[in-house]
Amino acid sequence: MPLKNSGQVFRLQGQLKMGDSVFIVKEIVPKCDWQKFSDSISFFQIPTLPTQDSIKDFKFISHTDGNNYSFEIATPVSYRYLFYDMPDYYQHKECKSVKEFLAMLTRQFGGDFNWPWQWRVLNKKPPE
C-alpha cells in the first residue's frame with residue numbers, strides 16, 4: 001500500500017478501500033484510573049514545564065538521529081505547546097522530568113501512545 005506525503009496530510013490509497021483521505025482515531029486507556037493519570041501529569045510538572053529551548057542555560061547538542069516529543073496542553077482557559085528533542089540526552093531537571101513522564105506513559109499505555117507514522121497504526125512495515 002503506497003503512502004503519499006502531501007506535506008500536511010498522508011493520503012492512504014489502495015487495499016484499505018477507505019477513500020484517499022483518512023483520519024485514524026484509537027481510544028487508549030491507562031492501566032491506572034484517569035484520576036491517577038491526571039495526578040501523574042501534575043507530579044511530572046508537565047503543565048508548567050518550559051519548552052526545551054526556553055530552559056535556562058540550555059544549549060542544543062547536535063546529533064544525527066533521535067526522538068523528539070511534542071505535548072499539547074489544553075484547558076478551558078489556556079493552551080500550551082511543548083517540544084523536547086532527545087530529553088534523555090540532556091542533564092536539565094526539565095528534561096529528566098519529561099524522560100520520566102515518557103517512561104510512565106509506556107508503563108500505562110505500552111507503545112500505543114507513540115504513533116510516529118500512520119503505517120505503525122495500521123501494523124504495516126514502513127516503505128523502504
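These values consider heavy atoms only, across backbone and side chains, with no hydrogens, waters or symmetry-generated copies.
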Test item: W34 and P30 side chains (from C-beta on) under 4.5 Å apart, heavy atoms
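Yes; the side chains approach each other to less than 4.5 Å.
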Between T51 and F71, is any pair of side-chain heavy atoms under 4.5 Å apart?
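No, every pair of side-chain atoms sits at 4.5 Å or beyond.
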I need the M86 CE to N67 CG distance, nearest 0.5 Å.
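Here the rounded value is 7.0 Å.
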Do the side chain of Q52 and the main chain of C95 share a donor and acceptor less than 3.5 angstrom apart?
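Here the side-chain-to-backbone pair does not exist.
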Are L49 and F83 in one and the same hydrophobic cluster, where Ile, Leu, Val, Met, Phe, Trp and Tyr link if side-chain heavy atoms are under 4.5 Å apart?
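Hydrophobic grouping puts L49 apart from F83.
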Summary of side chain to side chain donor-acceptor pair (under 3.5 Å) pairs that have at least one residue in residues 71-95, sequence neighbours excluded:
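Sorted result for residues 71-95: H63-D85, E72-Y79, T75-S78.
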Name every donor-acceptor pair, under 3.5 Å, that has one atom in a side chain of residues 39-47 and the other anywhere in the protein, sequence neighbours excluded.
from : atom 1 : to  : atom 2 : distance (Å)
D39  : OD1    : Q35 : NE2    : 2.9
S40  : OG     : K36 : O      : 3.1

Where do Q108 and K31 come nearest, in terms of heavy atoms and distance?
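Scanning both residues completely, I find the closest heavy atoms to be OE1-N, 3.0 Å.
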